[in-house]
2 protein chains.
Amino acid sequence: MKIGILGGGQLGRMLIQEALKYDDQFHMLDPNEDCSCAHISVFTKGDFNKKQDVLDFGKDKDVVSIEIEHVNVEALEELEKQGVKVIPNSNIIKIIQQKILQKQFYDEYQIPSPEFQIILSKEEEIVIGFPFVQKLNTGGYDGKGVQIIKDENDFNNLWDEPSVLENLVDIDKELSLIIAKNERGEIKSFPVTEMVADPKLNLLDFNICPTQISDDVQNQIDVIAEKFMKAADSEGLFAIELFLDKNGKVWVNETAPRLHNSGHQSQEGNANSQFEQFYRVLKNLPLADTSAFGFSGMLNLVGEENFSGKVKYEGLENVLKLPNAYVHLYGKTETKPGRKMGHINVLADSREELLEQLINIKSLVKVVAE
Amino acid sequence: MKIGILGGGQLGRMLIQEALKYDDQFHMLDPNEDCSCAHISVFTKGDFNKKQDVLDFGKDKDVVSIEIEHVNVEALEELEKQGVKVIPNSNIIKIIQQKILQKQFYDEYQIPSPEFQIILSKEEEIVIGFPFVQKLNTGGYDGKGVQIIKDENDFNNLWDEPSVLENLVDIDKELSLIIAKNERGEIKSFPVTEMVADPKLNLLDFNICPTQISDDVQNQIDVIAEKFMKAADSEGLFAIELFLDKNGKVWVNETAPRLHNSGHQSQEGNANSQFEQFYRVLKNLPLADTSAFGFSGMLNLVGEENFSGKVKYEGLENVLKLPNAYVHLYGKTETKPGRKMGHINVLADSREELLEQLINIKSLVKVVAE
């Protein structure tokens with residue numbers, strides 16, 4: 001089968017890696033000839049934000065999907081009309097790629113998400129209380145396009161663009177659920193994972209599985225997942241990022257219509273990975289078992305501040321000596337501050353052992369330039 | 001790093017798949033433009049048995065290795081002289097690729113292997129007792145070039161070529177050990193696995209891990225492995241195929257200087273796979289943990305008799321529905337009788353459960369042509 005993916009980054013790379021267990025052909029569209037997938041797929045250089053590029057790329061594929069949501073949706077709509085299978089469908093990608101539509105979607109389907117106000121410019125009257133988060137309608141990614149406005153003194157910093165202003169949740173835990181649906185209607189989720197964010201880069205830092213949550217919290221998440229999948233009405237693999245507040249209530253922070261950083265530990269930590277599951281969705285195969293093997297966790301390998309250029313992984317050998325650690329690099333030759341270059345998965349018998357190992361490993365490795 | 005591999009079959013494919021976790025470039029040499037590695041590597045069409053092809057291919061690589069042992073050794077010797085790292089070294093490949101040299105090597109280093117006689121033609125006096133196995137000096141592979149001579153009536157069938165004639169061992173179990181050595185001198189083996197051969201095709205059928213053997217048998221194997229690695233005097237990953245006879249004595253059947261079918265279950269059954277280990281050998285990295293997770297096993301997906309042409313996997317969906325089964329296909333488009341097209345790994349909590357699952361899965365799938 002000819003599978004076409006918009007984007008050729010690390011998510012695509014790990015999908016291809018997993019799918020090498022099978023016999024399909026992966027075609028990737030990316031503007032960067034040296035992207036993570038360039039040398040391991042049938043590669044097309046092109047811009048996934050340009051309608052014509054996406055149309056030309058997609059027209060002869062059996063299925064077209066994404067590994068990044070910032071793609072030209074008009075082209076996907078047209079491909080659907082032409083009879084090309086698009087997963088997830090263009091409608092849910094369009095909703096998710098615009099923060100305003102995404103919030104309205106949660107509202108419409110009674111999916112709990114933090115109170116919000118929509119503004120089209122900074123001239124509008126701000127009625128939401130302090131502190132709040134401003135999220136740009138488009139262009140936000142990996143912590144970019146998001147800022148906290150603490151009080152009136154911060155007003156000057158407000159971006160003058162269409163945005164969602166959102167109440168800050170008093171967060172107890174950041175959780176994530178990866179869930180998949182195939183064309184035959186099967187739905188399966190992975191065990192809920194727990195994230196620890198690096199406050200400086202605002203990138204996912206540790207992600208551990210399973211999280212310790214009460215039955216009530218698990219129930220709230222199950223209800224949210226069910227509502228979301230019904231409302232999205234699309235095959236695909238989705239990451240639902242959640243906040244658990246200090247009163248025990250669960251809120252949806254954001255959703256990604258694709259493979260997600262918070263599912264990486266599934267590569268060694270679960271019976272099957274998010275990549276295997278996504279492959280099965282693309283082929284409409286029976287969904288895979290997602291059970292967790294004991295405790296697992298992930299830490300991102302992110303380019304250090306003040307280093308740009310040809311990447312060098314300091315201390316990686318020390319990690320390779322550890323029995324329960326699995327190094328994953330993304331085939332990126334150049335590092336820059338904050339760039340996701342790889343990740344390390346860890347297996348453990350207890351949560352304590354897991355966190356200890358993750359902290360130890362974090363102290364061992366540094367992503368610098370030669 | 002530029003890694004060059006002679007051969008572009010499934011062993012190379014699964015090596016590349018595993019090594020996609022890292023940042024190296026794989027270059028493959030194979031005569032078949034549509035081989036398992038063609039579309040996922042920097043591919044060179046050429047004959048790994050032709051000296052010039054191997055020389056041209058190898059000269060600019062950081063390391064050259066093999067995924068099949070029937071390669072031009074003279075070229076490897078010359079590459080070594082030119083300063084190219086060859087793993088395993090040309091000397092041990094040369095010994096292993098000729099059954100006569102291989103047997104003499106075991107003899108010289110007191111590695112127990114079945115009693116034998118060497119003949120250069122069928123005119124020679126046969127002094128070995130019946131029944132015996134005739135193994136052609138070169139050209140044997142996957143059960144080809146091997147036959148049993150039961151008694152004098154079978155004499156007519158004797159091949160008129162340089163061969164090893166070998167006493168039949170009264171086999172209790174067929175075992176296999178995968179062992180690796182890196183340049184820094186670390187040596188690590190995988191837990192011993194047990195094979196069940198299909199008597200018709202003489203191809204490995206089930207391979208299970210761990211095997212049930214006594215401490216004494218494990219000790220004999222450890223001694224053999226140590227002697228072999230010392231005698232081979234080479235980095236590399238090796239498969240030592242063993243017979244355990246009904247008196248509890250262990251014999252070496254054959255050795256492969258490469259990744260091996262009897263290590264495939266390590267993909268999901270062990271902390272790290274033989275492919276990860278071999279990658280680490282090629283890069284001289286610390287060797288990986290090889291511990292087994294519970295019980296694991298593997299069955300080959302082999303082309304059914306009477307089917308040739310575009311491959312079709314009947315019943316594969318039923319396997320994908322099973323929780324502890326992992327399907328691995330080799331990207332081969334054409335099937336023929338006896339061709340290895342893929343394998344399925346299975347995890348279980350006990351040996352009984354494992355065998356039950358393997359037998360069940362074997363009954364579910366058929367490799368036929370469209």
Side-chain angles (χ1 to χ4, degrees), chain A residues 10 13-27 36-37 39-43 184 186 267-268 271-272 276 279-280 283-291 293-294 311-313 316-333 341-345 347, chain B residues 10 13-27 36-37 39-43 184 186 267-268 271-272 276 279-280 283-291 293-294 311-313 316-333 341-345 347:
Chain A
Q10 64 261 25
R13 183 182 175 91
M14 291 185 277
L15 169 64
I16 292 174
Q17 181 183 25
E18 190 74 61
L20 276 177
K21 294 193 319 203
Y22 306 101
D23 284 350
D24 306 274
Q25 221 178 37
F26 279 82
H27 297 249
S36 296
C37 298
H39 307 294
I40 56 168
S41 65
V42 186
F43 180 71
R184 58 183 87 176
E186 275 181 283
Q267 288 171 307
E268 285 92 13
N272 290 278
E276 171 74 20
Y279 169 80
R280 292 186 181 210
K283 295 264 297 181
N284 191 25
L285 291 169
L287 294 184
D289 178 23
T290 58
S291 319
F293 296 141
V311 67
K312 196 176 122 193
Y313 297 95
L316 207 60
E317 269 218 25
N318 293 324
V319 180
L320 291 171
K321 284 179 188 159
L322 300 174
N324 300 313
Y326 299 88
V327 174
H328 296 261
L329 305 181
Y330 300 156
K332 296 177 181 177
T333 45
M341 302 297 290
H343 69 271
I344 297 172
N345 289 335
L347 303 182
Chain B
Q10 64 263 24
R13 184 182 174 92
M14 291 185 276
L15 169 64
I16 292 173
Q17 181 183 26
E18 190 74 61
L20 276 177
K21 294 193 316 201
Y22 306 100
D23 285 349
D24 305 273
Q25 221 179 35
F26 278 83
H27 297 249
S36 296
C37 297
H39 307 294
I40 55 167
S41 65
V42 186
F43 180 71
R184 58 182 88 178
E186 275 181 282
Q267 288 172 309
E268 286 92 12
N272 290 279
E276 172 74 19
Y279 169 80
R280 293 188 180 209
K283 295 266 294 182
N284 192 25
L285 291 169
L287 294 184
D289 178 25
T290 58
S291 319
F293 297 142
V311 67
K312 195 176 121 191
Y313 297 95
L316 207 59
E317 270 220 21
N318 293 324
V319 180
L320 291 171
K321 284 179 187 157
L322 300 173
N324 300 312
Y326 299 87
V327 174
H328 296 261
L329 306 180
Y330 301 155
K332 296 177 181 178
T333 45
M341 301 298 288
H343 69 270
I344 297 173
N345 289 336
L347 303 182

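Letters go in sequence order (proteins before strands), and every chain restarts at 1.
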For this session: Just give me the residue among B:L285, B:L347, B:V327 that pairs up with chain A most often, heavy atom to heavy atom, under 4.5 Å.
Result: B:V327

Problem set entry | Test salt bridge (Lys or Arg N to Asp or Glu O under 4.0 Å) applied to B:E317 - qualifying residues, sequence neighbours left out | A:R184

Problem set entry | Minimum heavy-atom distance A:G331-B:D23, with the two atoms named | N-OD1, 2.7 Å

Exercise. With a 4.5 angstrom heavy-atom cut-off, which part of A:H39 approaches chain B: side chain, backbone, both or neither?
Worked result: backbone

Exercise. Can you say whether B:Q267 sits under 4.5 Å from chain A via the side chain, the backbone, both, or neither, judging by heavy atoms?
Worked result: neither

Problem set entry | Nearest-0.5 Å distance that lies between atom NZ in B:K21 and atom NE2 in A:H343 | 9.5 Å

For this session: Return yes if some donor-acceptor pair links the side-chain N/O of A:Y326 with the main-chain N/O of B:N272 below 3.5 Å, else return no.
Result: no

Problem set entry | Minimum-distance pair of heavy atoms, taken over all atoms of B:L329 and A:Y22 | CB-CA, 4.1 Å

For this session: Heavy-atom distances under 4.5 Å only: say whether A:Y330 touches chain B with side chain, backbone, both or neither.
Result: backbone

Problem set entry | Winner by heavy-atom pair count (cut-off under 4.5 Å) against chain A, out of B:Q25, B:R280, B:Q10, B:K321 | B:R280

Exercise. Who pairs with B:D24 by salt bridge (Lys or Arg N to Asp or Glu O under 4.0 Å), at least two apart in sequence or on another chain?
Worked result: B:K283

For this session: Check each atom of B:A288 against the heavy atoms of chain A and say whether the ones under 4.5 Å are side chain, backbone, both or neither.
Result: neither

Exercise. Can you tell me how far CG of A:L20 sits from CD1 of B:I40, rounded to the nearest 0.5 angstrom?
Worked result: 4.5 Å

